[in-house]
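Positions are given from 1 along the sequence. These numbers come from the heavy atoms of this one structure, side chains and all, not from hydrogens, waters or symmetry mates.
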Amino acid sequence: MGLYESCCVIVLYFMFLLLNPQFSCSMSCTTQKFTNNKLYEHCNDLPHLNCYIHWTYNPRNSSLNLAFAATPTKPNGWISWGINPIGTGMIGTQSFIAFKNLNDTIVVKTFKLNSYKSIVPGELEYRVWNMKAMYSNEMMVIFASVELPKGMKELNQVWQVGSLVLNGTFPGIHDFQIENLNSKGKLDLMKGKNVNNALEDTMVKNRNIHGILNVVSWGILFPIGIMIARYLRTFVDPIWFYVHVTCQISSYIIGVSGWATGLKLGSQSKGIIYSSHRDFGIALFCLATLQVFAIFLRPKKEHKYRFYWNMYHHGVGYGVLVLGIINVFKGLEILQPESKWKLAYIIFLSIIGGIAFILEAITWIIVLKKKPRKSNKLHDGQNGRQQPLTS
């Protein structure tokens with residue numbers, strides 16, 4: 001199997017991992033069991049922060065029995081689930097927050113989130129009973145029963161995780177990544193479903209598409225295209241050129257699609273700005289566009305400006321390579337997927353880096369072997385006198 005075929009297999013395998021839903025989550029609420037043998041009629045995998053809610057609603061007395069399970073950002077962090085009676089965001093939420101106190105005992109307390117800077121401990125607007133918490137296998141669970149207003153058919157739910165508990169009594173501020181900011185939705189008490197806002201669903205979909213397209217484009221295809229130009233010309237000239245162009249144009253088309261979804265995400269995420277990721281993306285798009293269209297200005301080999309065009313082409317190409325890989329890692333930091341995705345990409349880079357190292361050595365061996373042969377043709381083997389170049 002040649003280099004091009006091997007690279008294609010790697011790309012297809014990586015795309016399979018990204019797109020296969022079996023790899024998208026490591027746990028489901030249907031597989032969770034509680035040590036106290038509590039059972040609930042419904043359970044939902046919440047769309048952000050790897051959180052889960054188990055619940056039973058009794059319309060006769062408007063009671064909601066629930067178990068909220070989540071893994072805090074750090075072992076000594078906290079988890080939270082609440083109901084917002086006045087809106088869909090954090091402000092106004094009546095919240096249950098579980099954490100470990102100074103005695104290393106898991107506790108759950110109620111808080112009112114009056115503003116982003118005002119979190120007040122105290123009783124909720126709803127009657128609450130059977131409130132407790134447990135900690136098992138690095139996951140915290142909040143158990144509670146809540147009396148809801150009569151006739152309520154759905155509720156606004158807000159959930160969150162954090163890494164810091166102040167003096168063992170008060171939750172510290174949580175992260176402000178996309179996952180944290182979007183951890184909200186509606187719970188349909190009649191149908192037993194977690195109802196998400198349509199715009200939020202679109203944003204999640206666009207975010208995943210944006211990430212996949214850009215990883216495949218700038219993070220995978222573009223480096224492979226550079227390797228093709230660097231090493232295949234020694235073995236399959238001029239086929240390498242057409243393979244190289246095909247690979248890079250494919251990378252550019254996919255990358256532009258990913259860039260467009262990034263612009264769409266920016267327009268949908270008012271107030272959420274990732275300056276460095278955005279700036280790297282703009283620079284990457286501009287350089288890649290110059291690189292692609294420079295092919296139409298490519299001088300012939302014997303032209304006096306071909307040397308300078310080669311310098312430009314190589315310099316911009318390696319610039320796109322570096323910017324692309326850096327921005328892939330910046331994107332992973334923003335999206336915060338499971339650690340296996342970042343590890344998979346690092347492994348991929350290590351593999352192609354190892355292949356490049358081997359091919360670089362082989363290429364130099366071939367080049368160095370060819371040089372003495374050319375030199376010997378210029379000398380007479382018997383007396384060592386240089387012969388005319390026309391001989």
Side-chain angles (χ1 to χ4, degrees), residues 6-20 23-24 175-180 182 203-230 244 247-266 268-269 272-292 314-357:
S6 301
C7 293
C8 288
V9 170
I10 294 173
V11 172
L12 292 174
Y13 177 70
F14 198 85
M15 291 182 67
F16 168 77
L17 289 178
L18 288 172
L19 297 173
N20 190 343
F23 291 85
S24 61
D175 293 334
F176 285 87
Q177 302 296 334
I178 292 178
E179 287 280 297
N180 302 91
N182 289 335
M203 288 179 62
V204 171
K205 181 180 179 181
N206 288 342
R207 180 190 65 182
N208 294 335
I209 292 174
H210 172 73
I212 292 172
L213 290 176
N214 284 286
V215 168
V216 172
S217 171
W218 312 120
I220 298 178
L221 285 179
F222 200 87
I224 290 174
I226 288 182
M227 290 177 61
I228 290 170
R230 173 71 178 170
H244 168 70
C247 188
Q248 300 306 69
I249 290 180
S250 300
S251 170
Y252 179 75
I253 293 173
I254 296 173
V256 169
S257 301
W259 188 69
T261 59
L263 295 179
K264 183 66 175 177
L265 280 172
Q268 293 176 339
S269 308
I272 303 176
I273 300 175
Y274 298 99
S275 300
S276 60
H277 184 62
R278 177 198 61 193
D279 295 342
F280 271 100
I282 293 173
L284 187 60
F285 170 75
C286 294
L287 288 177
T289 301
L290 288 175
Q291 187 77 329
V292 168
H314 295 163
V316 174
Y318 286 119
V320 172
L321 173 68
V322 174
L323 287 178
I325 293 176
I326 291 176
N327 221 25
V328 165
F329 281 107
K330 285 187 172 292
L332 290 173
E333 290 178 3
I334 294 171
L335 295 179
Q336 291 188 328
E338 294 184 41
S339 58
K340 63 184 178 183
W341 300 119
K342 186 175 182 179
L343 177 61
Y345 185 60
I346 292 174
I347 292 174
F348 167 77
L349 292 180
S350 301
I351 291 173
I352 65 171
I355 293 173
F357 179 81

Ignoring hydrogens, what is the shortest heavy-atom contact between Val328 and Val215? Give both atom names and the distance. CG1-CG2, 4.0 Å
Looking only at heavy atoms, what is the nearest atom pair of Gln248 and Gly225, with distance? OE1-CA, 3.2 Å
So do the side chains of Ile326 and Trp218 get within less than 4.5 Å of each other, counting heavy atoms only? no
Could you label the plane-to-plane angle of the Trp259 and Phe285 rings as parallel, tilted or perpendicular, counting under 30° as parallel and over 60° as perpendicular? parallel
Gap between atom CD of Glu333 and atom NE2 of His277 - 0.5 Å precision: 10.5 Å
Is there a side-chain contact between Ser217 and Phe222 (heavy atoms, below 4.5 Å)? no
Here the gap from Asn206 atom CG to Leu263 atom CG, rounded to the nearest 0.5 Å, amounts to 11.5 Å
Is the shortest heavy-atom distance from the side chain of Asn214 to the side chain of Asn327 under 4.5 Å? no
Please list, chain by chain and in numerical order, all residues satisfying side-chain hydrogen bond (donor to acceptor under 3.5 Å, both in side chains) with His244, sequence neighbours excluded. none
Report the distance from atom CG of Leu221 to atom CD1 of Ile228, rounding to the nearest 0.5 Å. 9.0 Å
As an exercise, state the distance from CD1 of Ile346 to CG of Leu332, rounded to the nearest 0.5 Å. 8.5 Å
Return the CD to CD1 distance between Gln291 and Ile249, rounded to the nearest 0.5 Å. 11.5 Å
Thr261 side chain reached by Arg207 side chain, heavy atoms, under 4.5 Å: no
Do Leu349 and Phe329 make a side-chain contact, defined as non-hydrogen atoms from C-beta onward lying under 4.5 Å apart? yes
Residues at least two apart in sequence or cross-chain that pass side-chain hydrogen bond (donor to acceptor under 3.5 Å, both in side chains) with Thr289, listed by chain then number, are Tyr252
Taking every heavy atom of Pro223 against every heavy atom of Ile352, the minimum-distance pair comes out as CB-CD1, 3.9 Å
Looking at CD1 of Ile220 and CZ of Phe348, how far apart are the two atoms once the value is rounded to the nearest 0.5 Å? 5.0 Å
